[in-house]
Amino acid sequence: MNSPIVNRRDLDFLLYELLDTERLTERERYAEHSRETFDAAIETAHRVAVDYLQPHNRKADLNEPTFDGDKVSTIPEVKEALDVYCDTGLLAAGQDFERGGMQLPATVAQTCTAITKGANVGTFAYVGLTVAATNLILAHGSDEQIQRYTPYMLSGRFFGTMCLTEPQAGSSLGDLRTRAVPQDDGSYRIRGNKVFISGGDHELAENIVHMVLARTPDAPAGVRGISLFIVPKYLVNDDGSLGPRNDVKLAGLIHKMGYRGTTSTMLNFGENDECTGYLVGQPGDGLKCMFHMMNEARIGVGLGAVMLGYGGYLHSLAYARERRQGRAPGEKDPATPQRLLVEHADVRRMLLAQKSYVEGGLALGLYGARLVDDERTHPDAAARANATRQLALLTPVIKSWPSDYCLRANDLAIQILGGYGYTREYPVEQYFRDNRLNPIHEGTHGIQAQDLLGRKVRQEGGTAFDTMVATMRATVDEVNHDGPGSLAGEAEALARALEALEETTRALRAVGETGDTERYLANASDYLDMFGHIVIAWLWLRQAATAAAAQPASDDDRAFYQGKLAACRYFMNVELPKIHHLAALLRRGEDTPLNTDPDWL
Amino acid sequence: MKILVPVKRVVDYNVKVRVKADGSGVETANVKMSMNPFDEIAVEEAVRLKEKGVAEEVVVVSMGVSQCQETIRTALAMGGDRGILVETDDELEPLAVAKMLKGLAEKESPDMVILGKQAIDDDANQTGQMFAALMGWGQGTFASEVDIQDGSIQVTREIDGGAETVKLKLPAVVTTDLRLNEPRYAKLPNIMKAKKKQLDTLSPADLGVDTTPRLKTVKVAEPPKRQGGIKVADVAELVDKLKNEAKVI
């Protein structure tokens with residue numbers, strides 16, 4: 001049974017009322033676009049999602065890919081859907097016109113992919129990884145490499161992967177051991193084992209282009225010794241035809257909790273010492289190359305988490321509007337009709353929480369995508385630099401906050417459906433399992449927290465942090481403070497939270513300056529939680545201000561805007577105050593975890 | 001040959017329509033609008049005929065508010081060659097549309113006009129037939145198969161209890177039914193190409209048509225809410241209720 005993927009009215013609100021995406025058409029790169037072309041692309045994405053991706057979401061979950069020792073089998077619907085996806089040009093949505101792309105702004109391209117993720121994240125992953133691998137080659141590959149691989153990747157003839165993790169090196173990337181030995185012809189011999197490689201093997205495309213991190217023989221230890229290589233499953237001839245099979249072997253499939261439609265693989269490179277790879281960029285620049293692409297990839301993860309949360313929210317909302325259970329508190333007469341679930345305040349609490357998480361998360365992800373657009377195309381150099389700074393600061397939040405809170409939204413969706421939600425007859429349990437990956441991959445929650453507090457907050461003497469706080473404070477001042485539609489209470493709550501954030505950050509930085517980094521970062525996850533909640537509160541205040549100023553065109557429209565105001569109020573009254581607890585524990589330097597002996601656990 | 005494809009902008013089929021509070025019509029403000037699904041099938045068929053080399057040009061026509069341009073652009077992204085919008089804020093009834101199509105057909109001289117059998121908003125199922133009558137052309141309505149032969153066209157029609165095949169002399173009018181084909185998606189690069197295709201705008205006056213409605217909408221109401229069922233004691237009571245309450249036997 002399918003449920004709506006997203007509220008299109010909400011999407012329009014965020015894109016055109018909150019973020020004014022239409023103004024991007026004033027920029028040279030997007031001059032040929034209009035709201036019409038944006039909407040047409042979103043419409044195509046939505047139709048492909050509904051017609052081809054969503055229908056096999058459950059089937060792919062129940063029928064994981066299998067490996068017979070020779071080839072991987074997936075249910076046929078996966079390839080059919082991916083062929084349609086590539087054929088409609090969605091894979092190349094953001095690429096230049098010259099490359100056959102639609103040159104869509106990141107804001108719109110991310111919207112298109114978000115919709116397809118919401119429909120079927122397991123099938124989407126194959127093309128998502130292909131886009132990431134293609135962007136990596138386009139940004140850092142030689143002209144020869146760009147020519148040899150990317151046209152076929154953008155058309156969907158070849159798919160791509162990212163091969164980072166090894167059994168002994170997950171979060172600890174610097175410890176990876178795969179070796180790359182230079183050959184006389186300029187290529188490299190690759191040897192090593194990679195694990196958790198999504199899309200690492202399958203028969204869904206003619207070829208798979210692995211982007212592999214490995215070390216050259218004389219490379220220094222740690223992250224500076226890591227280089228990036230292209231390792232195709234089949235070598236590619238000059239005319240684009242496939243050459244011999246490369247020595248990349250599937251050692252086995254990993255059986256996961258969710259995302260089951262995506263193969264997760266253990267790959268052996270060079271079992272017979274015949275694995276050929278090609279260096280991308282300079283030796284030792286592997287991680288730098290990879291991270292150049294990370295901002296967008298992490299926005300993608302955040303938006304994926306949002307969409308799984310969104311699907312659960314809409315499903316549980318529809319359920320609560322139909323399912324009757326119980327009576328009003330105090331109603332003792334069993335002859336009275338039962339109430340709808342949505343008529344119970346406690347159920348509305350769970351719906352409001354979900355709404356505030358998923359719509360807040362969507363606003364955050366799209367805001368991040370807008371920063372990508374500003375970084376690339378804003379006509380003003382200072383504004384571009386500011387976007388780069390803000391994006392760097394917010395990326396860990398954009399990745400992590402939805403991964404955390406939209407998973408909680410899935411938990412609440414299950415709760416609303418009760419026993420039914422716990423069964424496989426309803427989609428909410430799968431959303432939860434699929435979403436559980438997001439706090440883990442693309443840099444775990446803890447890694448993101450260290451990135452935020454350890455690096456981003458301190459970068460350039462804290463310029464990005466100060467600018468961000470100033471931006472949020474400006475919204476506090478701008479919103480209507482009296483008269484009808486006043487948001488004075490909400491603005492005041494955000495103002496207090498911003499003070500707490502500044503004070504806490506100052507206090508933490510003082511700890512950091514003592515050089516005791518371990519103590520400085522001991523509660524980084526709580527800091528990430530606090531920071532994320534404040535950014536979301538800010539985006540809710542902006543949404544509420546937009547909704548309060550809007551002229552509703554119909555009763556439905558009025559209800560939509562009232563919903564935005566209610567969700568903002570909920571977030572400010574119920575969610576945001578939690579940051580004051582976090583602020584207190586961060587300021588006092590809560591040290592129980594730090595001082596707990598591992599033997600005591 | 002040249003094919004003319006009229007398309008209508010309607011409330012998207014996924015939208016749950018709501019009647020305006022004053023009963024004057026349905027709510028369309030901030031509601032998602034799309035191409036009438038039957039017209040999508042018409043566009044698809046025309047584009048396929050072009051791809052087969054049977055047709056040289058596919059001209060897409062819409063009538064109504066300026067936003068109908070979006071609907072035309074969608075058809076152009078699917079493969080139409082150029083578009084014509086007859087722009088008016090007036091409410092258009094099938095007869096007015098048929099008259100304007102006649103004006104356009106006289107200007108454009110198409111060999112075939114293919115359109116949806118009906119629009120999903122008013123379900124009138126009249127425009128194609130009225131237009132064919134005004135032109136004195138043959139009509140193959142409710143088409144589930146279209147086969148162009150030398151100077152003629154064979155249309156398999158969906159009728160009660162089966163299919164009927166008719167042969168029409170060109171030029172002719174074809175209205176599409178659901179089984180005719182499965183319309184394609186607008187591919188992303190084609191959406192950009194569609195933007196550059198020619199789209200002319202005319203007014204009803206240019207075609208010499210008076211669009212004043214001939215009908216008056218008295219009231220628009222939601223369908224009655226479904227009532228809960230009741231249990232009957234025996235067959236006699238059932239028959240009695242069917243006869244005297246439901247009055248169906």
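Per chain, numbering begins at 1; letters A, B, ... match sequence-line order.
At a 4.5 Å heavy-atom cutoff, B:R184 makes no contact with chain A through either its backbone or its side chain. In this structure, the portions of B:E70 lying under 4.5 Å from any heavy atom of chain A include both its backbone and its side chain. Heavy-atom distances place no part of A:Q103 under 4.5 Å from chain B, backbone and side chain included. Heavy atoms closer than 4.5 Å to chain A are found in the side chain of B:K196, but not in its backbone. Contacts between A:F97 and chain B at a heavy-atom distance below 4.5 Å involve the side chain alone, from C-beta outward. For A:E32, the parts sitting under 4.5 Å from any heavy atom of chain B are the backbone and the side chain alike. Using a 4.5 Å cut-off between heavy atoms, A:R47 contacts chain B through both its backbone and its side chain.
Under a 4.0 Å N-O distance rule, the pair A:E359/A:K564 qualifies as a salt bridge. A salt bridge links B:K8 and B:D122; the closest N-O separation between the charged side-chain nitrogens and carboxylate oxygens is under 4.0 Å. With respect to the salt-bridge test (charged N to carboxylate O, under 4.0 angstrom), the residues B:E93 and B:R214 do not qualify.
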Are A:R29 and A:D96 close enough, and set up right, to give a side chain to side chain contact (heavy atoms under 4.5 Å, CB included), and what steps lead you there? CA-CA 9 Å; A:R29 182 174 168 83; A:D96 299 354; 2.9 Å; yes
Run A:C86 and A:Y126 through side chain to side chain contact (heavy atoms under 4.5 Å, CB included) and show every step you take. CA-CA 11 Å; A:C86 298; A:Y126 295 102; over 6 Å; no
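Donor-acceptor pairing under 3.5 Å is recorded for the side chains of B:N36 and B:D39. Residues B:D81 and B:Q198 bring no donor and acceptor atom of their side chains to less than 3.5 Å of each other. Between the side chains of B:S24 and B:D22, at least one donor-acceptor pair of N or O atoms lies under 3.5 Å.
Contacts with chain A were tallied for B:E27, B:K195, B:Q69, B:Q67; B:K195 has the most, counting heavy-atom pairs under 4.5 Å. Ranked by heavy-atom pairs under 4.5 Å with chain B, the list A:T37, A:D12, A:L104 is led by A:T37. With chain A as the partner, the residue from B:T28, B:N30, B:V31, B:N14 showing the most heavy-atom pairs under 4.5 Å is B:N30. Comparing A:V48, A:D39, A:D555 by heavy-atom pairs within less than 4.5 Å of chain B, the highest count is held by A:V48. Between chain A and the residues B:K20, B:R18, B:M192, the most heavy-atom pairs under 4.5 angstrom are made by B:M192.
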